[in-house]
Structure formats: C-alpha cells, structure tokens
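Inspection log for the structure reproduced underneath, given as structure tokens.
Chain letters run A, B, ... following the sequence lines, proteins first, then strands; residues in each count from 1.
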Amino acid sequence: MIDPRILRDEPDRVRASQRKRGASESLVDGALAADQARRASIATFEELRAEQKALGKQVAQAKGPDAAEMKAELLARTKAVAAQVKEAEAAQREAEDAWTTALKQIRNIAADETPAGGEDDFVVLETVGTPRDFAAEGFEPRDHVELGKLLGAIDLERGAKVAGSRFYFLTGVGAELEFALINLAMEQAREAGFIPVIAPALARPEAMAGTGFLDQVDDGVYKIEGDDLYLVGTSEVPLAAYHSDEILDTDFLPRRYAGYSSCFRKEAGSAGKDTQGIIRVHQFEKVEMFVYTSLEDAAAEHERLLQWEKDFLDKLELAYQVIDVAAGDLGPSAVRKFDCEAWIPTQGKYRELTSASNCTDFQARRLNIRQRGAEGESNRPVATLNGTLTAITRAIVAVLETHQQPDGSVRVPKALQKWLGREVLTPIA
RNA sequence: GGAGACGUCGCAUAGUCAGGUCGAGUGCGCCUCACUGCUAAUGAGGUAUGGGUUAACAGCCCAUCGGGGGUUCAAAUCCCCCCGUCUCCGCCA
C-alpha cells in the first residue's frame, strides 16, 4: 500500500497517478475521508481508555477501613466506562478497517518516467540485435511446436492427456535445455552477488496479499482446495514474504536473492490467446531476481536488474527490445516496469521473455518489512524489486525458433553449450 | 495421522497453576558517560515496535507478552480457536 503520509500531504500526486493508470481517482477522496474518521475514532477511544485505566488503578489501590465501600462505588463508575470503551473500540476498529481497505485499493504511485495509458502505450527504450531474416536465408522457419516435436523436446499431446490444455512434457533435450538454462541463470546470478534460493511454490494468503496477487485469485491464481494456501505464480511471492515482519539492518541492504521455483497460472482470462505450444502455460519454472534495498537506491537497482536481464538474453544470442510498460498495464505494486521482449520468428513479433518491476515501498508496507533508521531516525519500509532472469518455457521457444537450421536442427548458443554439453540439437529419427 | 510440551522486550530467562502498582524483573549483548598510558576490568545511565497529538524522531497519551476472540471494573496471567516450534509413536521420499 502507499504511504499514508503522502496520501494526506500530497493527495494530488496520488490522484494524478491514479489518472495516469486509468484507475479511479475517487478512491483518493474516499481514503482521505476514511483517514479523518479513523483519527477521530482513535481520539475518542484513547480518551475513554485512559479514563478506564485510571479508575482501574484506583480500584486496585483502594485500602483502609472503608475500602469495600470505595471499591463498590468505583466499580459502578468504571463499569459504565468499560461499556463505553468497548463501544469506542469497536467503532475504532471499524474505522481502521475501512481506512486500510480504502488505502489498499490505491495503486502505487506511477513513476514520472512511466508512460501514461494502457497496454498499447508502451515506449520502446531500446532494440538489441536484428531479427534473423529467414527469407534471405531461403527457408521457412518452423515454429517451436514443430521443432519441439522433431527434437523430441516438447510433448504437448501427452501434456494435454495427463493434465489438460496448456500443459506439456519437456523430454530429452527439452528437459536438458531447462536444466541448462537454470544453471546458466544461477551461475550469472551467483556471480552478480545473488543468493540462490529454492522457494516454496505454495504460499499463505498474507504472502499473496502482501505482493498484490490475492486480488487475482479468480482468474490468475490457483487455490488449494481444503487448505488456506495458494500456488504461486512467481517466486516473487515467497521471496518478498521471506523477510516479512522483519527490521533489516542498513548494512544488510541491498539484499539480492535468485529464486528458483515452479510458477502456476490459471490464465482464465486468456482463452484463445497463444493456444499453441508453450508460450502461455499453466506451469513453468523460473529463476527470479528479487532485491531488498533502500527507497533511494530503488530506481538505480531497477536499471541494474534490467541490465542483468539483458546480459542473459545476450547470452542466449536473441534479438529483443526493451519496453517501458505504460501505467495502465503495470501491476498494482509497481511504479515502473521494463519488459524485455524477444523476437519470435514464426510470430513475426516481439514477445515478453522477462520483466523487471520497481515496487518501491508498496509491498514492504503490506508485508511489514523495514530497515533500521540511522541514529535519531525512525525505521522505514524498504524497497522491493523483482526481475525475471529466465522463464524457462518462453526462453526455450525463443532459443529454438531463433537458432533453428533448415534441417530442423538447432544451434546451441555458446553460453549454453557448457551446460548442455553439445553444440547442436538434432532431430531424433 | 495419534499423544504431549512449549511460544514474554536482540539473545537467554523471571513472571502464568493465588488476575490489579507488569510495558513487564534479571543476565548477556549493544550505546553513552566516568575511571584508565592502550585494551580489559569496574561504576553510572540508557537500550522495543506501531499509532494519536504536535513544528518536533521534546513531552503527553493509546496499543502490543505468537495471532484472533471471550470472561472481568481490570488479562502476560483465566477460557476458546488458529498459527508456529519441539518430543514420542505411526507413515513416507
């Protein structure tokens, strides 16, 4: 959630952000009113409570010959106050709940740099490499479904048979490709100072809510039947909740984790989109970078995350573009988001392979993660950022399609050869 | 899955089975000061978080003893639920 102080002191800034995102501006006024009501109810409760405590003390201290009488009288008075306190407490809780509910509906304040508008209003920041010209090379590229079949790497039919549509088996070199990508990603992450992490793929509602994903339960997130647990759509969830309810020492920051986990997505709202192949699936593995840092350093760290993502795509020898995602297409937690989109030859367009978000203190506030303030300063929420190092399925799609050869074989990018143990993937039988 | 024990201020603990002056004692750690040629030792003081009020991170007030609810004028303390940890048994990779 956003900083209540910013809401109170600079409501126009919050309104402008909501407008930029295409979100409701009236939420801001609702939250401001709720804040006033909340503070008033707190004052009422505290006044009564202080009175109750004072009387209670007198009851305990009543001594002497007429103690019994005094006590009886005090008890009568304090009983009435107790009832009032109970009422005021209930009113306060209600006001407090209304306030947090209102506050949570407001999205993070979009960065000045973030383009206004919706999904199509992104700005291309950079284009790296040139899409391969198959026409000039004189052959028609095969899509990853066909290549996957030829190489014995992807089995979609049996994926559907066993688990349904949008499921798949990676077999043979397909499975090996996953391990190679993970190894390459983890190697890079480790060298950059990230701590490798195997994270739980299930999380509690607090962790989901803290990262802003609980709202997507209906169309995006799987819930475990009979348990209060959810399958995570990204290891951002467990990695963010990892330090929840903690106060981190300043020299602990920046803290960088590279989390590896399965990711589960319902894709309920995307019927008809990417129905072929493994571009959009219900389960895939991902290596995610997650950083805790100070608010001041967040924007710079965001750039660093982007650079690490680009480094990885470079290692896969892909052509890609970097876009600055528009405000309306950001998640509720992010102030700015960079997507790296790799060129997919058979689609003739760039598709998202990785994504880096700066969530500033939005998630940290919800998850109660703070950094210890300097001498004389109070503790304050940290900033959290996340970025994909590699999402396996889409990386495989891009690699197979980009580096295919006329006979259906696929050249293995240099960096991957070390981990895959071969230079070319050749069709089976 | 069955049986039991436990969860207190950075750490370790006291307080709970007799409810009130306990936001909470002690030791260690840490910070400041004093003493000391330096270090150590010793002595004095300090050392949680959130919120309200406020110019104030001065003061005052409120909340918080794993979380939530209940009993009571009053709850760390009594009752219920949940979460977590540990031990034993069963099961299992």
Are the aromatic rings of A:Phe290 and A:Tyr292 close, with centres under 6.0 Å apart? yes
Report the C-alpha separation of A:Glu267 and A:Arg280 in whole Å, then their side-chain angles, then the decisive distance to 0.1 Å, and conclude whether the salt bridge (charged side-chain N to carboxylate O under 4.0 Å, His left out) test is met. CA-CA 8 Å; A:Glu267 299 292 352; A:Arg280 191 177 296 275; 3.3 Å; yes
Between the side chains of A:Thr211 and A:Glu236, is a donor N or O closer than 3.5 angstrom to an acceptor N or O? no
Can you work out whether A:Ile247 or A:Phe45 has the more 5'-proximal nearest nucleotide on RNA chain B? A:Ile247
Donor-acceptor side-chain pairing of A:Asn368 and A:Arg366 below 3.5 angstrom: no
Spell out, as yes or no, whether a donor-acceptor pair under 3.5 Å connects the side chain of A:Glu285 to the backbone of A:Ala391. no
Would you measure the distance from the P atom in B:G29 across to the matching atom in B:A74 and give it in whole Å? 42 Å
So, is A:Arg39 close to the B:G51 phosphate, meaning a side-chain N or O under 4.0 Å from OP1 or OP2? no
Return no unless some side-chain N or O of A:Arg8 is found under 4.0 Å from OP1 or OP2 of B:G52. yes
Could you measure between the two P atoms, the one in B:G25 and the one in B:C38, and give it in whole Å? 35 Å
Between A:Gln52 and A:Arg49, do the side chains contain a donor N or O and an acceptor N or O under 3.5 Å apart? yes
Would you check, one step at a time, whether the test side chain to side chain contact (heavy atoms under 4.5 Å, CB included) holds for A:Glu187 with A:Trp419? CA-CA 10 Å; A:Glu187 178 183 56; A:Trp419 296 106; 3.5 Å; yes
How far, in whole Å, is B:C6 from B:C61 if one measures between their P atoms? 37 Å
Length of the CD-P vector between A:Glu89 and B:G51, whole Å: 19 Å
Mate of B:A18 where both pairing distances stay under 3.5 Å, Watson-Crick or G-U: none
So ring-ring contact (aromatic ring centres under 6.0 Å, His included) across residues 179-211 of chain A, not counting sequence neighbours, yields A:Phe194-A:Trp308
Could you let me know what B:G25 is paired to, Watson-Crick or G-U wobble, both distances under 3.5 Å, or none if it's on its own? B:U13
Would you say A:Arg49 places a side-chain N or O within less than 4.0 Å of OP1 or OP2 belonging to B:G52? no
Check the distance between B:G10's P and A:Phe252's CZ and give it to me in whole angstrom. 17 Å
Under a 3.5 Å cut-off for both contacts, is B:A34 paired Watson-Crick or G-U wobble with anything, and if yes, with which nucleotide? B:U42
Can you tell me, in whole Å, how much space there is between the P of B:C78 and that of B:A5? 14 Å
With rounding to the closest Å, how many angstrom separate the P atoms on B:U21 and B:U77? 13 Å
Quick one: do the A:Asn108 and A:Ser333 side chains pair a donor with an acceptor below 3.5 Å? no
Could you check, using the six-membered ring where one of them is a Trp, whether A:His243 and A:Tyr257 have ring centers closer than 6.0 angstrom? yes
Using both distances under 3.5 Å as the test, list the Watson-Crick or G-U wobble partner of B:A58, or none. none
Please work out if A:Arg77 contacts a base, only the sugar-phosphate, or nothing of the nucleic acid, heavy-atom cut-off 4.0 Å. nothing
When rounded to whole Å, the CD to C1' distance for the pair A:Glu46 and B:U64 reads 13 Å
Anything under 3.5 Å between a protein N or O and an N or O of nucleotides 69-73 of chain B, put it in a table, one pair a line.
| residue | atom | partner | partner atom | Å |
| --- | --- | --- | --- | --- |
| B:G69 | OP1 | A:Arg93 | NH1 | 2.8 |
| B:U71 | OP2 | A:Lys86 | NZ | 3.2 |
| B:C73 | OP1 | A:Lys79 | NZ | 3.0 |
| B:C73 | O2' | A:Thr78 | OG1 | 3.2 |

Tabulate protein N/O versus nucleotide N/O from nucleotides 81-84 of chain B, keeping only pairs under 3.5 Å, one per line.
| residue | atom | partner | partner atom | Å |
| --- | --- | --- | --- | --- |
| B:C83 | O3' | A:Arg204 | NH2 | 2.5 |
| B:C83 | O2' | A:Arg204 | NH1 | 3.4 |
| B:G84 | OP1 | A:Arg204 | NH2 | 2.8 |

Sort out the partner of B:A76 for me: Watson-Crick or G-U wobble, both distances under 3.5 Å, none otherwise. none
Mate of B:U49 across any strand shown (Watson-Crick or G-U wobble, both atom pairs under 3.5 Å) is B:A63
Considering every strand and a 4.0 Å limit on heavy-atom distances, what is the contact class for A:Arg365: base, sugar-phosphate, or nothing? nothing
Under 4.0 Å between any heavy atoms, over every strand shown, what does A:Ala43 touch: base, sugar-phosphate, or nothing? Just pick one. nothing
Quick one: does any side-chain atom of A:Thr44 pair with a main-chain N or O of A:Ala40 as donor and acceptor, under 3.5 Å? yes
Roughly how many Å apart are B:U87 and B:G10, using the P atom of each and rounding to a whole number? 25 Å
Quick one: look up who B:U71 pairs with, Watson-Crick or G-U, both distances under 3.5 Å, and put none if it's unpaired. none
B:G4 pairs with which nucleotide, Watson-Crick or G-U wobble, both distances below 3.5 Å? B:C86
